[in-house]
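Beneath this line is the structure, given in structure tokens, with notes to follow.
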Number of protein chains: 2
Amino acid sequence: MADRPYHHGNLRAALLGEAERTLREQGIDALSLRDLARQAGVSHGAPRRHFEDRQALLDALAEAGFNRLADEVRAAIDGAGEDYQARLRAAAAAYVRFATRDAALLELMFGAKNAKNAKNANNAENANNAENAEPSGAVRAASERLFTTVGDLIRQGQQDGQLPPGDPGRLRLLLVATLQGIASLVTSGRVQDSQVDALVADTAALFTRSPR
Amino acid sequence: MADRPYHHGNLRAALLGEAERTLREQGIDALSLRDLARQAGVSHGAPRRHFEDRQALLDALAEAGFNRLADEVRAAIDGAGEDYQARLRAAAAAYVRFATRDAALLELMFGAKNAKNAKNANNAENANNAENAEPSGAVRAASERLFTTVGDLIRQGQQDGQLPPGDPGRLRLLLVATLQGIASLVTSGRVQDSQVDALVADTAALFTRSPR
DNA sequence: ACCTGAACACCGTTCAAGT
DNA sequence: ACCTGAACACCGTTCAAGT
């Protein structure tokens, strides 16, 4: 039976998995390190060995979230056939699906930036960046996978003549913004499920218009 | 001198004002009812008379935020002259300015929805909407002022022939989504200040293109 | 009508100590 | 190398009691 096996073996993975579930089912306010430790059957101090503080756990969740989002969007594009508008719609639909299923996680992924700086406000060496923190390195790297995926879609559209020429980086930024904005309206309950299809279709149509 | 004047007179307004400042300067994690009470010079139980719980305070902040955002966007449009693209750019720029100055507040305005439902999960009478809560009535009403402002801009563009005809409601939703998406990238630190002008210009150009 | 202050059940974080 | 358990300083919320 082994009441307390190894040192739990893979506490880090267990904490992350349980955290993902709690986040999905009960929201971020219900996410506590002590509670996760309880569910994993370890003492409340144990998580410290794997996550320096609560923010480190949230960063790890955001990182995994970005990796999964990038994967799902890419898979949707790859499975959408040849028609370019259909590929755009598939990317947007996959993004919205992620937002619907993991609203709190997506908020977490695009949140942060504001919380931690307060501590360092009095700290002279960090005073210059006290109000413009960047996401942590690992989170940023994972979020760039999403940008790369969308960038590939943009480049393909320009090659096929379905998108206007010009700086692909600017178009990529605008498309990510649009996708994230739709997701933000969905997670905040300002878009009904019945409106999503139209919004996705309009997004694809908007980007494939020709300049006047 | 009057150490403790009336009953503080306008505790509600004082709490809201201080909360707005804390939110701006230190982020949402630093926002505590007990701390606000301390700064207002009242006991920690006093805020309860004006805000039933912490969420009620956050709702009031979000409500005020939406009213101010709608006002600022409308003022920017009204002050932008006759050129329609310039009016679009002014609206987008005002939105981004709000996001830059009050990042945490904007996140709060488009957040929520997920946190409160957990409590009612076991409650049979509320089981049906346990995973799709709407923003509180007052917040929703204030957020609709933003939608109305953007809707007026859309209608004007269609009348002037600067925007394609069709359901103005759909176009409005897409424009709000785009603005909120840009803001989300800004508040999460994924758009540099130097990229904002191009993004704003590209947004205006995108919407005023003609269908191919 | 508005506020106080004790009480309760939670947190995150720290750190000496164990295995 | 990993985990325990006491300790500390905070929370939000409740509620009898005061003015």
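Letters A, B, ... mirror the listed sequences (proteins, then strands); counts begin at 1. For the numbers below, each heavy atom of this structure counts, side chains included, while hydrogens, waters and symmetry mates do not.
For the pair B:Asn10 CG and C:dA1 C1', the computed distance is 15 Å after rounding to whole Å. Between the CG atom of A:Leu36 and the C1' atom of C:dG12 there is a distance of 13 Å, rounded to whole Å. One interatomic measurement links the two molecules: CG of B:Leu57 to P of D:dT13, which rounds to 10 Å at whole-angstrom precision. What separates CG of A:Leu33 from P of D:dC10 is a distance of 19 Å, to the nearest Å. Rounded to whole Å, the distance from CG on B:Asp53 to C1' on D:dT13 is 9 Å. One atom, NE2 of B:His50, and another, C1' of C:dC2, lie 7 Å apart when rounded to the nearest Å. In this structure, the CZ atom of A:Phe51 is 13 Å from the P atom of C:dT13, given to the nearest Å. Remark: P of D:dC10 and CG of B:Leu31 are 17 Å apart, rounded to the nearest angstrom.
Between the B:Asp102 side chain and the B:Leu105 main chain, no donor and acceptor come within less than 3.5 Å of each other. Between the side chain of A:Thr178 and the backbone N or O of A:Leu174 there is at least one donor-acceptor pair closer than 3.5 Å.
Considering only heavy atoms from C-beta on, B:Glu107 comes within 4.5 Å of B:Thr187 through its side chain. Residues B:Asp193 and B:Val186 form no side-chain contact, since every pair of their non-hydrogen atoms from C-beta on lies 4.5 Å or further apart.
Among the heavy atoms of the strands lying under 4.0 Å from B:Arg38 are primed sugar atoms or P, OP1, OP2 only; no base atom is included.
Residue A:Ser43 is the one, among A:Ser43 and A:Arg34, whose nearest nucleotide of DNA chain D lies closer to the 5' end (criterion: closest heavy atom).
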**Message:** Only Watson-Crick and G-U wobble pairs with both distances less than 3.5 Å should count. Give DNA chain D in dot-bracket notation, marking inter-strand partners with |.
**Reply:** ||.|||||...|||||.||

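Under the 3.5 Å distance criterion, with hydrogens and angles disregarded, a donor-acceptor pair is assigned to the side chains of B:Gln55 and B:Asp59. Side chains of B:Tyr95 and B:Glu72: no donor on one and acceptor on the other come within 3.5 Å.
Separation of atoms CZ (A:Phe207) and CG (A:Leu153) is listed at 10.0 Å; rounding is to 0.5 Å.
The environment of A:Gln156 atom CD is dense: over 12 non-hydrogen atoms of other residues, nucleotides or ligands sit within 6.0 angstrom.
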Show the distances under 3.5 angstrom between N or O atoms of the protein and N or O atoms of nucleotides 14-18 of chain D.
from: D:dT14; atom 1: OP2; to: B:Arg48; atom 2: NH2; distance (Å): 2.8

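A cation-pi arrangement is present between B:Arg190 and A:Phe110 under the rule of less than 6.0 angstrom and at most 45 degrees off the ring axis.
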